[in-house]
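Let me begin by presenting the structure, written as structure tokens, before commenting on it.
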Amino acid sequence: MSTHFGKGHHLHLIDGSAFIFRAYHALPPLTRKSDGLPIGAVSGFCNMLQRYISDNTGPDAPTHVAVIFDKGSHTFRNDMFPEYKANREAMPEDLRPQIPLTRQATEAFNIACKELEGFEADDIIATLSVQARDAGGRVTIISSDKDLMQLVGGGVEMFDAMKNRRIDRDGVMEKFGVGPERVVDVQALAGDSVDNVPGAPGIGVKTAALLINEYGTLEDLLDRAEEIKQPKRRETLIEKRDQIELSKRLVQLDCATPLDFTLDDLEVRDPDADRLLAFLAEMEFRTLTKRISQALDVEPPVIPDAPAPSTSEDTAPEWPAIDSEKYERVSDTNALQRWIDQIITRGYVAFDTETTSLNEMQANLVGICLSVVPGEACYIPLQHKDGNADDLFGSDAILDGQLPLEDTLAALKPILEDPAILKIGQNMKYDAKVLARYNISIHPIDDTMLMSYALNSGIHNHGMDTLSERYLTHTPIPIKELLGTGKSAITFDRVPIDEAVKYAAEDADITLRLWHTFKHQLHKSHVTTVYERLERPLVPVLAQMERHGIKVDRETLSRMSNAFAQKMAGLEAEIHELAGERFNVGSPKQLGEILFDKMGIEGGKKGKTGAYATGADVLEDLATEHELPARVLDWRQLSKLKSTYTDALQDHIDPDTGRVHTSYVQTGASTGRLASTDPNLQNIPVRTEEGRRIREAFVPEPGNTLVSLDYSQIELRILAHMADIEALKKAFSDGLDIHAMTASEMFDVPMEDMTPEVRRRAKAINFGVIYGISGFGLARNLRIPRSEAQAFIDRYFERFPGIRSYMDSTVEFAKAHGYVQTLFGRKIHTPEIAAKGPRAGFARRAAINAPIQGTAADIIRRAMIRMPEVISNLPCKMLLQVHDELLFEVENGAEEHVIETAKEVMQDAAKPALHIDVPLVVDAGQGANWAEAH
DNA sequence: CCTGTCACG
DNA sequence: GACGTACGTGACAGGG
């Protein structure tokens, strides 16, 4: 490029420090094999740079780019204010030596790398942004740091690489409530606890934006501070004027730092393959070296194996890159036989089915994919049809060139059912359910989704796309590309076979690679037992339950739906009458405007979107004074029951079985609980009489009864055991009413004189403890003043000091290890525990709750896993799980026997792995529908 | 597609 | 000292 930076040019400025810290926290503490040098952050940093480069090759690619770093810890801001950034935690020991390596990495990628003694990276970014903007070019700052938002505008934008989101003027407005040019004013007032910028005490971003928008600028505001109505605010602004002005100088970026280079020096350069690969090889990044060698089409350098005795499992696998063009299509019996022979020789195979539907009850098999060696995979098309036939007739013919379905399944069945051949899949419950329709019972299995869940619950989700991107740095072909979306979407049997081969075989290849990756990690992380005893064996149990389904009576639902509709129409008329106009009662926006603007009710609070809050808690408060909100609450309840239950549930009745088949998501909840979807049968109403009647539609087949068994107070019992609270343990052993007992202890009321109100409060506190109690939360729940709630909590901890030490030690453990554990060794990772600000509170409470909720989840899983064997001789089926409840369908006459048997399994489910100091009690019920049984 | 709301343990 | 707060989920309707 001969011209100087100017119009038509596009400068990217990467916030290097942000990259480093994100890389450091995202990756485990990797070390260089040969000498143990910590290189986790460098590895992540390189991967991010590589990702950045490959993501920025299009027509909008930058013409100029630089990575900007901080240098030293002392800047001109410390001269103004010695405490600036003084409460920053020290850099972790294993990160420090990696900092210079990230500079080297940047240079190795042949990207300009800039820093300046005495200035922060933000100042350099500011200076370059202004220069580029003044020259008429565009700028994108790759960072999500709010301190940089003051630079946005006039061709300068930010890009949050984490959220994959551009931040423009509107984004800044959203964050600060003012435009970029006034951001420093707001920051000066609000201060920043992270950087230790003092600001104006008692004023946050919200208030600051309000003030600035009213007075125009910070200076005008300070000059006219006398006019402010709120006395406290006025005094603060007058008294702390110096401090506020100092804060502004601290947050104001320096747009004129003395740089010894120009924009033209930042022109994008081609990579220098030798230099880059030499660096990567020196770091001993095997996978990345390989990948980049291929991308640059050069011979990869040899990275010598570590001299130390290394087992093969420690070295990064030497796999070929994932290449969807290289997969095989299997169209004849010879080829099929070759694959079968190979599978038998290996003893394992990665396996995946392609079908016509996500609903396994209706999914027809379209094809099968297999892989036994990374990079080698095949697709066996079986039922593909012509995707281009426009005529309605004749297009349903199976295309030529495919093996016959029945013969192929007959050939594969011995493999799939061979106890000596391991079948590896991603979400095997799906494939198991599909194959069950074809009379194939696939076993034994491994499931990469469940391996990932055992390893990494709490860190990320466990879908194939996530895992492939995270562990193989490869983005799989999106299924959307084959099927399309929305109304025009096609089913997999209409996908051209050549396309299907690439997509489907790639999934098997990825699954096999993930399996190799996770297999050793399970041992190293000590979660093999969790995976083998709590995750893997649950797959066939859930598959069986889901396939059974539960009978739901359409007539009952339909009748209720009509009744609800009538009641709602009546309420709606009343509401419109009260409002004096017609409006959509179902629209929170319109309702808020009616209540607070038109009717002028006091106390309307707007949320972050600017809409009035109209939640049940708000309406309940208003309902004591006003008629309309009370009617809306009634209407909302009916609306919910009708739309979510009486109407939607009917659509889930399977036409073939007449039953409803939910899907349990085994990896859905970080704690180990299951989630239920399509439909969710874990949130069928029970708390109100009207809602409870929905359960009357859940019925047994004629000649059968529904039996419900549920654990009584399981989480409190686990807490009593884990925190080792003698008084609670004794109360449970003696079979006392635990809430009444808590109340008696706390309020010095004898058990005989217990009032329902006192017991209710104690119950709320007991639940609060499980949730990581806070004065605010308890106050809101009990609708009492915060001071009173805090007094209850203090009293509770005084009486049960063991609970407090349990909570403290759990949080300490989470901070030290980054995870917490259930009594059965399940790990729940808590990456946010080190966070600052309000997120810390969330993480703290989640860490306290997770071992309790998770242990209860483990216990019922153990019961479920044991159940099929124990009830195999009884005329009954296990149908549903609702966290602490199991629902069975039992032939008439066998009820008592089943209750006795299943109850014992549930009560003893923790044994023999674990002795719990408290008895686990299970209550039983039975009836002609779920309402009666529960 | 996101937000608010509300159903469950 | 302010901030925003009970834990874990999924589905539906409204509104851009």
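Below, chains carry the letters A, B, ... as their sequence lines are ordered, and counting in each starts from 1. All figures in this text were calculated on a predicted structure; none of them were measured in a lab.
Among the heavy atoms of the strands lying under 4.0 Å from A:Ser774 is at least one base atom, whether or not backbone atoms are also near. Within the 4.0 angstrom heavy-atom criterion, only backbone atoms of the sugar-phosphate kind lie near A:Asp884; the bases stay farther away. Within 4.0 Å (heavy atoms only), A:Leu778 reaches at least one base atom of the nucleic acid. Using a 4.0 Å heavy-atom distance criterion, A:Arg786 is classed as a base contact. Using a 4.0 Å heavy-atom distance criterion, A:Gly841 is classed as making no nucleic acid contact. As judged by a 4.0 angstrom heavy-atom cut-off over every strand, A:Ala190 is placed among residues making no nucleic acid contact. A:Glu885 comes within 4.0 angstrom of no nucleic acid atom, judged by non-hydrogen atoms across all strands. Within the 4.0 angstrom heavy-atom criterion, only backbone atoms of the sugar-phosphate kind lie near A:Phe842; the bases stay farther away.
Of the charged side-chain nitrogens involved, at least one lies within less than 4.0 Å of a carboxylate oxygen, so that A:Asp192 and A:Lys146 count as a salt-bridged pair. Comment: A:Lys567 engages A:Glu690 in a salt bridge, judged by a side-chain N to carboxylate O separation of less than 4.0 angstrom.
For A:Tyr796 and A:Phe792, the gap between ring centers reaches or exceeds 6.0 Å.
Taking the nucleotide of DNA chain C with the nearest heavy atom to each of A:Val769 and A:Tyr645, the more 5' of the two is matched to A:Val769. Projected onto DNA chain C by closest heavy-atom contact, A:Ile793 and A:Lys232 fall at different nucleotides, the more 5' of which corresponds to A:Lys232.
Proximity of a side-chain donor or acceptor of A:Thr662 to a complementary backbone N or O of A:Asn680 within less than 3.5 Å is not detected. Checking side-chain atoms of A:Tyr430 against main-chain N and O of A:Asn359 turns up no donor-acceptor pair under 3.5 Å. Using a distance-only test at 3.5 Å, with no hydrogens or angles considered, a donor-acceptor pair links the side chain of A:His576 to the main chain of A:Phe583.
The nearest whole Å value for the distance from the CD atom in A:Gln881 to the P atom in B:dC8 is 17 Å. In this structure, A:Gln682 places its CD atom 19 Å from P of C:dC7, rounding to the nearest Å. Atom CG of A:Leu619 is separated from atom C1' of B:dG4 by 12 Å (rounded to the nearest Å). In this structure, A:His883 places its NE2 atom 11 Å from C1' of B:dA7, rounding to the nearest Å. Atom P of nucleotide C:dC7 and atom OH of A:Tyr806 are separated by 15 Å, given to the nearest angstrom. Rounded to whole angstrom, the span from the CD atom of A:Glu715 across to the C1' atom of C:dG8 amounts to 9 Å. A:Trp635 has its CH2 atom 12 Å from the P atom of B:dA7, to the nearest Å. Atom CD1 of A:Ile848 and atom C1' of C:dG8 are 15 Å apart (whole Å).
For the segment residues 684-694 of chain A, no residue has any heavy atom less than 4.0 angstrom from an atom of DNA chain C.
In DNA chain C, the stems built from three or more successive Watson-Crick or G-U pairs (distances below 3.5 Å) are B:1-9 with C:7-15.
Residues A:Arg717 and A:Ser712 are in side-chain contact: their nearest non-hydrogen atoms beyond the backbone lie under 4.5 Å apart. Between A:Arg826 and A:Glu535, some side-chain heavy-atom pair lies under the 4.5 Å cut-off. Side-chain atoms of A:His739 and A:Leu716, non-hydrogen and from C-beta on, do get closer than 4.5 Å to each other. For the pair A:His934/A:Leu887, no side-chain contact is recorded, criterion being any heavy-atom separation below 4.5 Å from C-beta on.
For the pairing with A:Val660, the side-chain contact (heavy atoms from CB on, under 4.5 Å) check across A:Asp651, A:Leu880, A:Leu681, A:Asp654 returns one residue only, A:Leu681.
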Restricting both atoms to N or O, compile the protein contacts to nucleotides 11-13 of chain C shorter than 3.5 Å, with distance only.
unit_1: C:dA11; atom_1: OP1; unit_2: A:Asp678; atom_2: N; d: 2.8

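Using modelled atom types and a 3.5 Å distance limit, the side chains of A:Asn456 and A:His462 yield no donor-acceptor pair.
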